[in-house]
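Each remark here refers to the structure printed beneath this line.
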Amino acid sequence: GTFNGNGHTISNVKVANFEYAGLFGQSSGTIENLTVEGAVSSAGKYNYAGVLVGRNNGNIRNCFTSGSATSTSSSESDYCGGLAGRSDGSIVTSVSIATVNGSDYVGGLVGASYSSITNCYAQGDVASGYYAGGLVGYSNVTVRNCYAVGKVKDGTGAGLISSNSGKIFNSYYRSTNKGNTHGFPATTAEMKQKSTFYFWDFENIWEINGSYPSLNVRGTSPSIAFEGDGLSDDPYLIETEEQLYAISVNLTVNTNQTYYQLANDITITTPHWMPIGLYDAFAGTFDGNGHTISNVKVANFEYAGLFGQ
């Protein structure tokens, strides 16, 4: 079903010693517009612990959690996250500031994710876990426009995602965590500057007022439009940096029948350019039309360049 919290809070949730631990043990429906505060823990052979839900197979949007989540297991099926222990469904515009402590897949937001996470963040510390990440312990899906700032394993853990088999777009972590380079590192001061968050939607989704970004959803992000039809005789015209960015983060069509043409010189304004074709090789035709793309800065990718592949 659908559980609409209607902007209200459920507090003092205490759950212990269940395989699926959270306000919800498992969900295959929709949970939205809800704040939950509590302390949840699971202990046994297979564990799923999250303040909101132990295991999510549905959709979560506009939810916020605080408190703590703890899970210990003797097996490799131990999932612990501030919002959800394991997620096989989508999560959008949701937050956790809960502290998290687990043994295997452990994340400030989700222990392990097998579906998309968009416009989310985590601020709680992650004390332990074999795969411990400030946002997600393990991910094999798309994470887009997210950040994490909590301390992970006293700074030795992964600031954003510990183990990644998916795609990460324009997501950031506090550079005090030294575990790996999934996502983009930023200092504490940089994490409080709007300019750090390259083409994030501060008109409809986010706001920033002297501290870390927070969610203030007041609309939906508009699509990035191009002139042209993408055909050889009427290519998509790339006139702005934002349009070039859209190609780099998989927000546009990418087939061998797609044609793009640069219409202006473009200067990249981010220190963290994501190569076009980083995850899925660029398959179309890109006509520079005699123009220049300058200030391209790429670091710590397997495929590095304006185009990765």
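Remember, it's a predicted structure, so these values are computed and weren't measured experimentally.
Between the side chains of Asn59 and Ser90, at least one donor-acceptor pair of N or O atoms lies under 3.5 Å. In the model, Ser163 has no side-chain atom that pairs as donor or acceptor with a side-chain atom of Tyr105 under 3.5 Å. Side chain to side chain, Asn119 and Trp206 meet the donor-acceptor criterion of an N or O pair below 3.5 Å. No side-chain N or O of Asn140 forms a donor-acceptor pair with one of Ser165 less than 3.5 Å apart. No side-chain N or O of Ser87 forms a donor-acceptor pair with one of Ser115 less than 3.5 Å apart.
Checked by atom type and distance alone, the side chain of Arg218 pairs as donor or acceptor with a backbone atom of Glu203 at under 3.5 Å. Side chain of Ser66 to main chain of Ala98: no donor-acceptor pair is present (N/O by atom type, distance under 3.5 Å, no hydrogens or angles). Judged by distance alone, the side chain of Asp125 and the main-chain N or O of Thr99 form no donor-acceptor pair under 3.5 Å. Of the possible polar contacts, none joining the Asp229 side chain to the Leu231 backbone as a donor-acceptor pair under 3.5 Å is found. Without hydrogens or angle criteria, Asp88 side chain to Tyr114 main chain gives no donor-acceptor distance under 3.5 Å. Checked by atom type and distance alone, the side chain of Thr258 pairs as donor or acceptor with a backbone atom of Thr255 at under 3.5 Å. Side-chain atoms of Arg144 never come within 3.5 Å of backbone atoms of Thr142 as a donor-acceptor pair (strictly under, hydrogens ignored). Between the side chain of Asn33 and the backbone N or O of Asn4, no donor-acceptor pair lies under 3.5 Å. The backbone N or O of Tyr20 lies less than 3.5 Å from no partner atom in the side chain of Ser42, so there is not a single donor-acceptor pair. Judged by distance alone, with hydrogens and angles left aside, the side-chain atoms of Gln26 form no donor-acceptor pair with the main-chain N or O of Arg55 at under 3.5 Å.
Shown are Val143, Val249, Asn250; of these, the side-chain contact (heavy atoms from CB on, under 4.5 Å) with Lys167 is made only by Asn250. When the options Asp78, Asp104, Asn101 are evaluated for a side chain to side chain donor-acceptor pair (under 3.5 Å) with Ser71, the one that passes is Asp78. Applying the side chain to side chain donor-acceptor pair (under 3.5 Å) test between Tyr260 and each of Asn254, Thr285, Thr252, Asn289 identifies Thr252 as the sole match. Remark: of the listed residues Glu242, Glu241, His272, Glu241 is the sole one forming a side chain to side chain donor-acceptor pair (under 3.5 Å) with Tyr198.
By the rule that hydrophobic residues join a cluster once side-chain heavy atoms approach within less than 4.5 Å of another member, Tyr121 and Leu34 end up as members of one cluster. Tyr48 is not connected to Val110 by any chain of hydrophobic side-chain contacts under 4.5 Å among Ile, Leu, Val, Met, Phe, Trp and Tyr, and they are in different clusters. In the hydrophobic clustering of this structure, Phe202 does not group with Val92; members are Ile, Leu, Val, Met, Phe, Trp, Tyr whose side-chain heavy atoms approach within less than 4.5 Å, directly or through other members. A continuous path of ILVMFWY side-chain contacts below 4.5 Å connects Val13 to Leu52, so both sit in one hydrophobic cluster. The hydrophobic clustering, which links ILVMFWY residues whose side-chain heavy atoms are closer than 4.5 Å, places Val53 and Val136 together.
Interatomic distance, Ile224 CD1 to Thr240 OG1, rounded to the nearest 0.5 Å: 7.5 Å. Taking CD from Glu32 and CG from Asn6, the interatomic distance works out to 9.5 Å, rounded to the nearest 0.5 Å. The structure places CD1 of Ile161 at 8.5 Å from OG of Ser113, a figure rounded to the nearest 0.5 Å. Of the inter-residue distances, the one linking Ile97 atom CD1 with Glu37 atom CD reads 9.5 Å to the nearest 0.5 angstrom. With rounding to the nearest 0.5 Å, the separation of OH in Tyr212 from NZ in Lys192 is 5.0 Å. With rounding to the nearest 0.5 Å, the separation of OG in Ser221 from CH2 in Trp200 is 11.5 Å.
Between Phe197 and Tyr147, the angle of the ring planes lies from 30° to 60°, which puts this pair in the tilted group. Aromatic ring orientation, Phe169 versus Tyr279: perpendicular (interplanar angle above 60°, classes split at 30° and 60°).
In terms of heavy-atom proximity, Gly22 sits nearest to Val40 at CA-CG1, 3.9 Å. Listed here is the closest heavy atom pair of Gln243 and Leu237: OE1-O, 3.5 Å. Asn17 and Ala43 get closest at one heavy-atom pair: OD1-CB, 3.9 Å. Considering all non-hydrogen atoms of both residues, Gly219 and Ile205 come closest at O-CD1, 3.5 Å. Across all non-hydrogen atoms, the minimal contact from Gly288 to Leu262 is O-CB, 3.5 Å. Between Ser94 and Asn62, the shortest heavy-atom contact is OG-N, 3.3 Å.
When the shell of 6.0 Å around NZ of Lys153 is examined, it contains more than 12 heavy atoms from other residues, nucleotides or ligands. Within a 6.0 Å radius of CD in Glu227, other residues, nucleotides and ligands contribute 12 heavy atoms or fewer. Applying the 6.0 Å contact sphere to OH of Tyr130 captures no more than 12 heavy atoms from other residues, nucleotides or ligands.
Two residues are said to be in side-chain contact when any heavy atoms from C-beta on lie closer than 4.5 Å; Phe3 and Phe24 meet this criterion. Counting only heavy atoms from C-beta outward, the side chains of Val217 and Asn204 never approach each other to under 4.5 Å. The side-chain heavy atoms of Leu244 and Ile293, taken from C-beta on, include a pair separated by under 4.5 Å. Inter-residue side-chain proximity for Arg61 and Ile91 is flagged as unmet; no heavy-atom pair is nearer than 4.5 Å. Counting heavy atoms from C-beta outward, Phe64 and Ser96 have side chains that stay 4.5 Å or more apart. Thr65 places none of its side-chain heavy atoms less than 4.5 Å from the side chain of Val95. Trp273 has its side chain within reach of Leu306: a pair of non-hydrogen atoms, C-beta onward, lies under 4.5 Å apart. Using a 4.5 Å heavy-atom cutoff, the side chains of Leu109 and Ile117 are in contact.
In terms of the salt bridge (Lys or Arg N to Asp or Glu O under 4.0 Å) criterion, Arg174 has no residue partners (sequence neighbours excluded).
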Would Phe286 and Phe307 satisfy side-chain contact (heavy atoms from CB on, under 4.5 Å), going step by step from the backbone distance to the final call? CA-CA 11 Å; Phe286 189 105; Phe307 291 79; 3.7 Å; yes
Working note: Tyr79 + Asn47, criterion side-chain contact (heavy atoms from CB on, under 4.5 Å); need CA distance, chi angles, decisive distance, verdict. CA-CA 6 Å; Tyr79 305 92; Asn47 295 311; over 6 Å; no
Please step through side-chain contact (heavy atoms from CB on, under 4.5 Å) for the pair Thr267 and Asp265, ending with a clear verdict. CA-CA 7 Å; Thr267 299; Asp265 292 345; over 6 Å; no
